[in-house]
Amino acid sequence: TFTFDDPGGHTAQCRSLSHDAITSPRLYTGPVAYASVNPAVERRFAATVHRATGKRPHRLGRDFPAAIRNRYRPPSAAGLDRLANAAAAWWLTRRACVVVDLGTAITFDIVNARGEFIGGMIAPGLRLQAQALHNHTALLPGVAPSRVRRAVARTTREAISAGVSFGIEGLIRTARTLYADEPLAV
């Protein structure tokens, strides 16, 4: 199963997986199933799989339903990536849990004790936060955020990296407090 949502890091990962696992029939001959929330990347991925294997890949939502009851409102608004994460967490743990996915967006997906996806939170991811600062301010530079060790930055670039990195850490800590009764899976 391949889950991807942005042309950046996830696309590269899918290309690597498709080259290693899909393009060599000796390595992989079974069906391919995937979830996608990015139609442009999805089309390229499906075409690559079809060219390499001669098989049409199966897409979550189109060819088969998510293996979890969806209580989101409206149900059609729940992203397939979120449903796939919630279903996988439920089938692995068989208990209420919170799934955290750190990508283009940061999602917190809550599965209740009955194994139902009931919602959660969505926040901008690391790169998206840094891009927003650059795109919506007059003087802040574009930054590819990197992990920082200290909160007192000595340059603007370090300050942006520190702000988004520690901001995300704070968001995860806050979510752990809000969802204290549920196990957290990242």
Side-chain angles (χ1 to χ4, degrees), residues 1-18 20-22 27-39 41-42 45-46 49 55 57-129 145 147-148 163-186:
T1 300
F2 301 98
T3 302
F4 54 94
D5 66 358
D6 74 277
H10 290 101
T11 300
Q13 181 182 6
C14 287
R15 283 185 186 138
S16 172
L17 287 170
S18 66
D20 296 343
I22 295 170
L27 291 176
Y28 187 80
T29 59
V32 175
Y34 69 98
S36 175
V37 293
N38 185 320
V41 172
E42 176 185 334
F45 178 75
V49 169
K55 298 176 183 180
H58 303 284
R59 188 184 83 197
L60 176 66
R62 178 190 68 202
D63 302 317
F64 61 95
I68 193 163
R69 180 168 282 194
N70 179 3
R71 297 290 187 194
Y72 208 64
R73 296 293 170 249
S76 61
L80 295 175
D81 55 339
R82 297 179 73 195
L83 292 173
N85 285 343
W90 170 253
W91 289 103
L92 287 172
T93 66
R94 293 294 189 176
R95 56 189 288 200
C97 58
V98 179
V99 181
V100 182
D101 186 350
L102 304 164
T104 303
I106 300 167
T107 57
F108 294 82
D109 301 319
I110 292 84
V111 178
N112 67 18
R114 291 184 302 279
E116 301 167 327
F117 172 67
I118 59 172
M121 293 190 292
I122 303 173
L126 189 74
R127 282 182 287 159
L128 197 55
Q129 289 183 40
R147 180 82 171 136
V148 293
V164 297
S165 293
F166 289 120
I168 289 171
E169 286 181 27
L171 177 63
I172 292 171
R173 280 194 197 100
T174 299
R176 290 193 78 159
T177 301
L178 293 172
Y179 307 128
D181 295 335
E182 315 299 343
L184 189 67
V186 180

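All values derive from a computational prediction rather than experimental measurement.
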TODO: Please lay out, stage by stage, how Glu116 and Trp90 fare under the test side-chain contact (heavy atoms from CB on, under 4.5 Å).
DONE: CA-CA 8 Å; Glu116 301 167 327; Trp90 170 253; over 6 Å; no
Open item on the list: The test is side-chain contact (heavy atoms from CB on, under 4.5 Å); show your working for Ile168 and Ile106 and say whether it passes.
Closed with: CA-CA 9 Å; Ile168 289 171; Ile106 300 167; 3.5 Å; yes
TODO: Any chance you could lay out the side-chain contact (heavy atoms from CB on, under 4.5 Å) test for Leu83 and Asn70, step after step, and finish with the verdict?
DONE: CA-CA 8 Å; Leu83 292 173; Asn70 179 3; 3.9 Å; yes
- [ ] Under the side-chain contact (heavy atoms from CB on, under 4.5 Å) rule, what do Arg82 and Ile122 come out as? Steps first, then yes or no, please.
- [x] CA-CA 10 Å; Arg82 297 179 73 195; Ile122 303 173; 3.4 Å; yes
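Residues satisfying the side chain to side chain contact (heavy atoms under 4.5 Å, CB included) test with Thr174, not counting sequence neighbours, are Leu178.
Between Glu42 and Ser36, the closest heavy-atom pair is CB-OG, 3.4 Å. Residues Leu80 and Gly61 approach most closely at CD2-CA, 4.1 Å, considering heavy atoms. When every heavy atom of Ala78 is checked against every heavy atom of Tyr72, the shortest pair comes out as N-CD2, 3.5 Å. Nearest heavy-atom pair, Ala96 versus Ala113, reported as atom, atom and distance to 0.1 Å: CB-N, 3.6 Å.
The CE atom of Met121 sits 5.0 Å away from atom CG of Leu171, with the distance rounded to the nearest 0.5 Å. The CG atom of Asp109 sits 9.0 Å away from atom CD1 of Ile68, with the distance rounded to the nearest 0.5 Å. Going from atom CD1 of Ile110 over to atom CZ of Arg71 covers 15.5 Å, rounded to the nearest 0.5 Å.
Ring-plane geometry between Phe45 and Tyr34 is classed as perpendicular, the angle between the planes exceeding 60 degrees on a 0 to 90 degree scale with a lower cut at 30.
Between Arg69 and Phe117, the closest side-chain pair of non-hydrogen atoms is not below 4.5 Å. Side-chain atoms of Thr107 and Val100, non-hydrogen and from C-beta on, never get closer than 4.5 Å to each other.
A salt bridge is absent between Glu169 and Arg176: the closest approach of a Lys/Arg side-chain nitrogen to an acidic carboxylate oxygen does not fall below 4.0 angstrom.
The side chain to side chain contact (heavy atoms under 4.5 Å, CB included) test with His58 singles out one residue from Val49, Asp63, Val32, and that residue is Asp63.
Annotation for Arg114: atom CZ does not count as buried by contact number, only 12 or fewer foreign heavy atoms lying within 6.0 Å.
Under the 3.5 Å distance criterion, the side-chain polar atoms of Trp91 are matched with a main-chain donor or acceptor of Ala67.
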